[in-house]
Novice: 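Would you mind keeping the following structure in view while I ask a few things?
Computed from a predicted model, the values in this text were never measured in an experiment. So that the names make sense, note that chain A is the first sequence line, chain B the second, and so on, each numbered from 1.
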Amino acid sequence: DVKVTQSSRYLVKRTGEKVFLECVQDMDHENMFWYRQDPGLGLRLIYFSYDVKMKEKGDIPEGYSVSREKKERFSLILESASTNQTSMYLCASSPGQGRDTQYFGPGTRLTVL
Amino acid sequence: KNQVEQSPQSLIILEGKNCTLQCNYTVSPFSNLRWYKQDTGRGPVSLTIMTFSENTKSNGRYTATLDADTKQSSLHITASQLSDSASYICVVTTGGSYIPTFGRGTSLIVHP
């Protein structure tokens, strides 16, 4: 089975802190994604990566950056956390090459105080 | 702009009853449509996937239908169980893209 893991289930940070969210997948997938999920808004794409060191902006990239130094790992960085970044963050991966079923991690519930 | 609309936004049913969730999309060109189930506090898990040529797909008590002409899909849950309480998300992918368009989900609560 595909396994996507995220570094923390719950995280509490203060405004202005730099925050790192880590995601690791164990199935050699090409594509990786970061979403945030808010009540009533559904999943919104922040960034995605289709290869090592490659990244593309999604629908809401402002205030975020990403890093993909290794194929299995995709990090989401909040350079200076703000209260409006309080949300559930979901990482996903997909095989690529025409196979696009996304496999999701368990999510990180981030609270910025 | 590609859009996926789901209805109802929320639904409450009694255990053992059937229910149907709706999904309308304007995604073009169409590649495939998936239904995901998301339990509270968890990531979404794929239930079914349908391509243009498929109009019905079952996964246990879950049956998804697709009408590519009217751009509508439904997810029918038979003999609901308490464990069916979750959010159900419709996801459509365009041809040549690996970036899907997500609906906002239907929150289903099954009461004993």
Side-chain angles (χ1 to χ4, degrees), chain A residues 1-6 8-11 21 23-25 29-51 54-61 87-111, chain B residues 1-11 21-27 29-52 54 57 59 64 86-109:
Chain A
D1 280 352
V2 175
K3 191 163 186 181
V4 180
T5 58
Q6 295 183 228
S8 305
R9 291 300 305 274
Y10 300 94
L11 207 54
L21 302 182
C23 175
V24 177
Q25 49 94 4
H29 282 177
E30 301 288 333
N31 306 323
M32 297 188 75
F33 308 80
W34 274 107
Y35 295 91
R36 64 177 283 177
Q37 186 176 33
D38 301 288
L41 296 180
L43 277 80
R44 292 182 291 167
L45 182 63
I46 304 171
Y47 267 97
F48 66 96
S49 168
Y50 53 88
D51 200 354
M54 305 302 290
K55 60 185 179 184
E56 293 285 344
K57 293 180 180 179
D59 298 321
I60 52 165
S87 186
M88 168 71 93
Y89 289 88
L90 288 162
C91 174
S93 70
S94 67
Q97 300 166 358
R99 296 170 296 154
D100 54 11
T101 297
Q102 293 196 348
Y103 298 85
F104 285 85
T108 296
R109 171 76 63 185
L110 173 66
T111 301
Chain B
K1 183 179 177 181
N2 292 331
Q3 285 190 308
V4 176
E5 301 286 341
Q6 291 187 243
S7 62
Q9 188 172 359
S10 61
L11 185 61
L21 313 180
Q22 300 290 345
C23 173
N24 297 335
Y25 62 92
T26 59
V27 173
F30 176 84
S31 176
N32 58 65
L33 184 147
R34 289 178 173 78
W35 283 92
Y36 282 83
K37 179 187 179 187
Q38 184 177 20
D39 292 317
T40 301
R42 316 286 268 182
V45 175
S46 180
L47 287 174
T48 64
I49 175 174
M50 289 183 292
T51 59
F52 186 87
E54 298 172 299
K57 185 73 71 78
N59 178 0
S87 179
Y88 293 85
I89 304 171
C90 177
V91 184
V92 183
T93 304
T94 60
S97 170
Y98 40 68
I99 306 301
T101 301
F102 287 80
R104 296 185 179 186
T106 292
S107 176
L108 174 65
I109 298 174

Novice: Side chain of A/R9, backbone of B/G41: donor and acceptor closer than 3.5 Å?
Specialist: yes

Novice: Is chain B contacted by the side chain of A/Q6, its backbone, both, or neither, given a heavy-atom distance below 4.5 Å?
Specialist: neither

Novice: Please report the interatomic distance OG1(A/T101) to CD1(B/I49), rounded to the nearest 0.5 Å.
Specialist: 4.5 Å

Novice: Work out which heavy atom in B/P44 is nearest to a heavy atom in A/L90; give both atom names and the distance.
Specialist: CD-CD1, 4.1 Å

Novice: If we define contacts as heavy-atom pairs under 4.5 Å, which of A/G58, A/P106, A/G42, A/C91 has the most with chain B?
Specialist: A/P106

Novice: Is chain A contacted by the side chain of B/Q38, its backbone, both, or neither, given a heavy-atom distance below 4.5 Å?
Specialist: side chain

Novice: Could you tell me whether B/R42 atom CZ has more than 12 heavy atoms of other residues or ligands within 6.0 Å of it?
Specialist: no

Novice: For residues 100-107 of chain B, dump all side-chain donor-acceptor pairs below 3.5 Å to protein atoms at least two apart in sequence or in another chain.
Specialist:
residue	atom	partner	partner atom	Å
B/R104	NH1	A/G40	O	3.2
B/T106	OG1	B/P8	O	2.6

Novice: Side chain from CB out, backbone as N, CA, C, O: work out which of these in B/N32 comes under 4.5 Å of a heavy atom of chain A, or both, or neither.
Specialist: side chain

